[in-house]
Number of protein chains: 2
Amino acid sequence: MCYASIMDTRLDPTPIATPPPTADEVLITLVRHGHRVTGPRRAVLDAVLAKPRPFTAEQLVAELGDSRAGAPIGRATVYRTLEILASVDVLSRLIGADGHPSYVVGTPGHRHHLLCSGCGAAVSFTACPVDELVQTLTRDTDFAIHGHLLEVFGVCPTCQDDATTDGIGAGRGVAVG
Amino acid sequence: MCYASIMDTRLDPTPIATPPPTADEVLITLVRHGHRVTGPRRAVLDAVLAKPRPFTAEQLVAELGDSRAGAPIGRATVYRTLEILASVDVLSRLIGADGHPSYVVGTPGHRHHLLCSGCGAAVSFTACPVDELVQTLTRDTDFAIHGHLLEVFGVCPTCQDDATTDGIGAGRGVAVG
DNA sequence: CACCGAATGATACTTTGTGTCAATAATGCG
DNA sequence: CGCATTATTGACACAAAGTATCATTCGGTG
Ligand SMILES: [Mn+2]
Ligand SMILES: [Mn+2]
Ligand SMILES: [Zn+2]
Ligand SMILES: [Zn+2]
């Protein structure tokens, strides 16, 4: 497992690569959307922007509710703020191989993720092969299709090395779909 | 919403269409896999095979724990049995637009689902557009890719009709990805 | 039918997430 | 600046979903 190395290459087979925004930029966006700028929201935002890889809501709750620096932040506030940040495209929700949701920063627009089942690293990409499929499905089923969910799971190079070195199998082969 | 009509067309853009197995066939499979045939397992199996569309574990717990016919079945048993049935390819787990998992019968092998956000109907299909993407991602990231998760969300024809008739908007546009 | 391990299910517990609501803080305005 | 208005906060209670434990029961085998 490669907990140390930051394998967060924001690689883009189809180049778009919007860089993650700064805290100040986000605050402006929030105001523009009619939200207020509060202490707790700054705290959540700062914590979130510091995360180089996907994290769960509860992780943040533990981190910020524990009264680290400044005042501890309530569970409800964390969840609410995450929702807001996602609605403003600062965060995007993604679903892990276990079906549990998590958040990751800086992925506005249409993106998917390649997730390492060893260390949790996420590589986001904009290439989406679903469009053609949607055409076919629409024709064959007459559904009005309005979205899809696509995540790819694998083991990153670092974790592969760790596995062969340690002799420990990396990634539990959580093949889905 | 079309609660009545059974919109469970097991349509296959790429024809494979394995028909759902009978209870007896499944029991044989269970034994073959070293499991025992018990009363509770029969009950869960029967309930499961009667479901024409995706259902959650808790739904089954409510249904079978309520001592309908015969003895009520414990929560743990229901969860355990569902796991086993999924491991034997009688059930497959799928993820809804809300990120919550559910099960659906008779979809062994590599399949994905088109889910109606109105009535919950599921159309399973075997066409998978991810293969090429996996090639690209493997080349670009050196990940050892071992699986993926793909679900498509939309509104089925019946629910579309209901919506225009009732004047109520169908499906909350839960666009994911 | 007697044995043994698998399976059950009541119970308690954890985790994740949602509603409520009085107290508080942020904005806009005079 | 000081105040009114209103969004926001967070403690709390609650709900949903799932897991761990373990004494008891049951299925299968000989
Ligand atoms: Mn896509
Ligand atoms: Mn696929
Ligand atoms: Zn890794
Ligand atoms: Zn429908």
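Proteins come first, then strands; the chains are lettered A, B, ... in the order of their sequence lines, and each starts at number 1.
Between C/dG9, D/dA17, C/dT18, one nucleotide has an atom nearer to the side chain of A/Tyr79 than all others, and that is C/dT18. Considering only side-chain atoms of B/Arg75, the nucleotide from D/dG18, C/dG17, D/dT9 that sits closest is D/dG18. Of the candidates C/dG9, C/dG17, D/dG18, C/dG9 carries the atom nearest the B/Ile73 side chain, counting heavy atoms from C-beta on. When distances are taken from the side chain of B/Ala76 to each of C/dA10, D/dG18, C/dA26, the shortest belongs to C/dA10.
Computed from coordinates, the B/Leu27 CG to C/dA7 P distance equals 14 Å when rounded to whole Å. We find that CZ of B/Arg42 is positioned 15 Å from C1' of C/dA7, with the value rounded to whole Å. Atom CD1 of A/Ile84 and atom C1' of C/dA26 are 14 Å apart (whole Å). Across the protein-nucleic acid pair, B/Leu60 atom CG and D/dA16 atom C1' stand 16 Å apart, rounded to whole Å. Spacing between atom NE2 of B/His100 and atom P of C/dT15 amounts to 18 Å, rounded to whole angstrom units. Regarding A/Glu83, its CD atom lies at a distance of 17 Å from the P atom of C/dT16, rounded to whole Å. The CG-P distance, from B/Leu64 to C/dA7, rounds to 18 Å in whole Å.
OP1 or OP2 of C/dT8 sits under 4.0 Å from a side-chain N or O of B/Thr38. OP1 or OP2 of D/dG10 has at least one side-chain nitrogen or oxygen of A/Thr77 nearer than 4.0 Å.
B/His33 and B/Ser87 share no side-chain donor-acceptor pair at under 3.5 Å.
Note on ring orientation: taking the six-membered ring where Trp is involved, the planes of A/Phe125 and A/His112 are tilted (angle from 30° to 60°).
For the side-chain contact (heavy atoms from CB on, under 4.5 Å) with A/Tyr103, the qualifying choice from A/Leu94, A/Val90, A/Leu91 is A/Leu91, the only one to do so.
If you check every strand for non-hydrogen atoms under 4.0 Å, B/Arg41 touches sugar and phosphate atoms only. Residue-level contact check: B/His35 touches the backbone only, with heavy atoms under 4.0 Å from sugar-phosphate atoms and none from bases. When heavy atoms are screened at a 4.0 angstrom cut-off, A/Val37 is found touching the sugar-phosphate backbone but no base atom.
A/Leu60 is not listed as a side-chain neighbour of A/Thr81, based on a closest heavy-atom distance of 4.5 Å or more.
B/Gln160 approaches A/Phe143 most closely through the heavy-atom pair NE2-C, 3.5 Å.
For a distance-only test at 3.5 Å, the side chain of A/Arg36 fails to qualify as a donor-acceptor partner of the base of C/dG28.
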